[in-house]
Peer 1: 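Pasting in a structure now, in C-alpha cells, and then I'll have a few things to ask.
In what follows, every chain begins at residue 1, and chains take the letters A, B, ... in the order their sequences are listed.
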Amino acid sequence: MNRFKEHISRQLAKATSLPNADFMNTLVIPPKDDWGDYGWPCFSLAKTMRMAPPKIASELSQKITSDDYIENVSSEGPYINFTLRKNVVIDDVCRKIFAEAENYGSSDLGNGRRVILEYSSPNIAKPMSIGHLRATILGAALKRIYEYLGYDVVSINHLGDWGTQFGKLVLAYRKWADPEAMKIDPIKELFRIYVQLHEEAEQDKTLEDEARTIFRKLEQGDPEIKKIWNDFIDLSWKEFDRIYAILGVKFDSVAGESFYQDKIDDIVKLLEDKKLSTESQGALIVPLDDYKLEPLLLKKKDGSTLYATRDLAAAVYRHDEYDFDKMIYVVGVAQSLHFKQFFKVLELAGFDWVKNCQHVDFGWVKLGSEMMSTRKGNIVFVQDVLDSSIDKASRIMAESKFELENAEEISSQVGIGAIIFANLSVKRQTDVSFDWEKILDFNGYSGPYLQYAHARLCSVLRKHKGEPHVEADYGLLDLPEEYKLARMLLDYPEKVADAAAHNEPYIISAYLLELVGLFSTYYQKYKSARDKILSDDDKLRAAKVNLTYCIKTVVGSGLSLLGLKAPEKM
RNA sequence: GCCCCCGUAGCUCAGUAGGAUAGAGCGUCGGUUUCCUAAACCGCAGGCCACAGGUUCGAAUCCUGUCGGGGGUACCA
C-alpha cells in the first residue's frame, strides 16, 4: 500500500535472509524526526541470531545500503532506522494525488463484496434521540468508507416500529392525548404522554398488562389499533425525513421491525424443528445455558413476539435477499448481550454465515452524568441540537470579514459539521457526555476547525490564480514541515483502510486533525516573500502550490467520508 | 449474585495484535493581525497511566487480584 514501507521490508527480508517474515507490520515510527522515517526493532532476532539487539541493528544497518528510495540507514541502540529520500517521497505522493485526485485513498480492497450496514433505526412515535443520532452519523460514515474501498454496501434502517412500546403508546394516546397539541407538535405530545405512562405505571402495574394486550391485538391485526399505529408512522416520517435530509443520510432499505412480521413463523418453526426452543414459564425460549448466556425469548406468554424474534427473522431474510458477505449492526453497547444471544441462536440453527455478522457497538451519550432515557423524559432533541448549532455558526459568520452571498448555506454546513464531527472524533466505544457548551464550541479541534482549514487551503489556491499542474520541481521543497506534510499524505490510504478494518471513522478524524494542524503551523510560520506558499520565486511557488493542492484534496476527501461539507469560503 | 465495558494532565479525550523520552484539544497565564482567511498560530505550566502483584529484553498496552464508576442480566428495544 505504501511503496516505501514495502521497499524497506524487502530490504530487511534480504538482509536478514528471512523472506517470509512480516517486516511491513512491525515497522515503527522513530520518536525523533532526525532519526529517520521508519525504524525496525531487532529484539525478535536476538534469540535465533544469538546476538545482542544493538549489535544486530548495527550489523544490519551496514548490510543495507542507500538506494533510490533510501537515503540513509543507521542504528540507534536496538533499532535500525531508515531515512527516505525526501524529494522522492514528496514527488511520489504529489504525483499520485494529482493522478487520482478526489479518489486518492480509495481502492478495490472490497472487490465488490456486499456489506449490509444496519444503522440509525430510530423508534416510531418518539423524538429521535441523541443516541440514535450517533448511530446515524456513525453508520453513514461507515457506509461511505466501505464504498470508498470498493464494497457494495446496502444500508438498512431497521425502524423500531413494532413491539410492546406501541401498546403503551396507543394506550397513552387514548387516555391522555391532547388533540390540540397533537396538531401542533405530535411527536412532542406523544413523547409527553409516553413519559406519563411510565410514571403512572410505577404505581399502577395493570397499565403494563393493558399495553401488552393492545400490542397483542395489533399483532393480530386489529384494524382500529392498526390505523392509529399507521398514523404514528406517518407523523414520525415527517420528523425523520427532515433530520435525514439535514444530515444528508440515505438508506437503501427502510424495512422496519414490522416488515418481518409475516416471516416470524418460519424461523420459530425452524427452531422448534431443530429442538432448540422450549417452553418455560409460559414463554417460548431458546435456552443457552451451555454457552453461559441467558435464554433468548422468542415469544411472550401471550404469544406475541419480541425484538429478538424479529431480529432472527430479519437476519435470515436479509441473507436470502442480499446474499451478503458481511453484515454489520451499528447499535449501542447496551445491546451486547442481545447480539451474543441472537448470533448464538443463528449458529445453533446451522446458519454458518452468522460468523460474518458483527455488532459494531458504540458508547452512551450521557446528559451530565445521567443516562438519557426516553422513558424518564430526560433527553435532548436532535432537532434542537442541530438548530442551535446552525444558529451559532451563523452568529460567528456574521462577524467574519467575508461577505458571503450564500452565508445561510455555509452556516448550516458548519453547524451540522460541528455536530457530525463531535460524534466521530472519539473512539466509538467511548461514552460521551452531552454538553451544550462543548458541542457548540467551534474553537480548537472541531468540525469547523477542519472546515476552516479547508477554506483557507482553497483561498490560497484561489489567490494563486491558474490551475496547479502536476509538473513541478518538488526537490525545491526543503522546509521540514513540507516534508512532514508529504509524509502524512502518504499515510492517508492506510488510514482509510484502518477505519474500515476497525469500523472506526475516528481514525480518519484524528488523521485529519493532525494533518490540518500541521498545515496551520506551516501556513502561519512562513510568511516571508520567498517562503510563503505564494512565493515570489515562480518555480518554488509551483511546487508549494502543488503540495497545497494535494493537502486540500486529502482534507476534502476525508471530510466527505465523514459526512462533513467542505466549504471553499467561510 | 453472574456477565460485559471503563479508570491516562484541572476538564474532554488519543495512545492498547507490547517497542525508543506517554500526546492533543479545552481551561489558566503570556505572546502573534500594516503579512496567502485570527473559527488560526506560538510559548509556559500541568502525569506514581486507579492500586498491588505477575509474564519478558521491554508493559499505559497482556494475565491475576483489589478498589472505584457504568451497563446488561425472561416476557421493553
Peer 1: Compare the minimum distances between each of B:rC41, B:rA77, B:rA39 and the side chain of A:Arg310, then state the nucleotide with the smallest one.
Peer 2: B:rA77
Peer 1: Between B:rA39, B:rA74, B:rU37, which nucleotide gets closest to the side-chain atoms of A:Asn443?
Peer 2: B:rA39
Peer 1: So, A:Asp361 and A:Arg428, do they make that salt bridge, N to O below 4.0 Å?
Peer 2: yes
Peer 1: Any idea if B:rA17 is syn or anti, going by the 90°-from-0 cut?
Peer 2: syn
Peer 1: Stacking between A:Phe43 and the base of B:rC57 (centre distance under 5.5 Å, interplanar angle under 30°)?
Peer 2: yes
Peer 1: Who pairs with A:Ser258 by side chain to side chain donor-acceptor pair (under 3.5 Å), at least two apart in sequence or on another chain?
Peer 2: A:Asp161
Peer 1: Between A:Met397 (CE) and B:rA40 (C1'), how many Å, whole number?
Peer 2: 16 Å
Peer 1: Counting only heavy atoms and a strict 4.0 angstrom limit, can you tell me which residues of residues 502-518 of chain A come near RNA chain B?
Peer 2: A:Tyr506
Peer 1: Within residues 534-551 of chain A, find the residues that approach RNA chain B with a heavy atom at under 4.0 Å, and present them sorted by residue number.
Peer 2: A:Leu534
Peer 1: Considering only side-chain heavy atoms of A:Lys47, which listed nucleotide, B:rC57, B:rA20, B:rA77, is closest?
Peer 2: B:rC57
Peer 1: Using atom C1' in both nucleotides, what's the gap between B:rA74 and B:rC2 to the nearest angstrom?
Peer 2: 15 Å
Peer 1: State which of B:rC36, B:rU12, B:rA14 makes the closest approach to the side chain of A:Lys438.
Peer 2: B:rU12
Peer 1: Could you run down the sub-3.5 Å N/O contacts of the protein with nucleotides 29-32 of chain B?
Peer 2:
none

Peer 1: Tell me if the NZ atom of A:Lys565 is crowded by more than 12 foreign heavy atoms within 6.0 Å.
Peer 2: no
Peer 1: Taking only Watson-Crick and G-U wobble pairs with both distances under 3.5 Å, what dot-bracket line describes RNA chain B, where [ ] shows pairs that cross earlier ones and | shows pairs with another strand?
Peer 2: (((((((..((((.....[...))))..((((.......))))......(((((..]....))))))))))))....
Peer 1: Would you jot down, in residue-number order, the residues of residues 209-220 of chain A having a non-hydrogen atom under 4.0 Å from RNA chain B?
Peer 2: A:Arg212
Peer 1: Within 45 degrees of the axis of the six-membered ring of A:Tyr38 and under 6.0 Å from its centre: does A:Arg487 put its NZ or CZ there?
Peer 2: yes
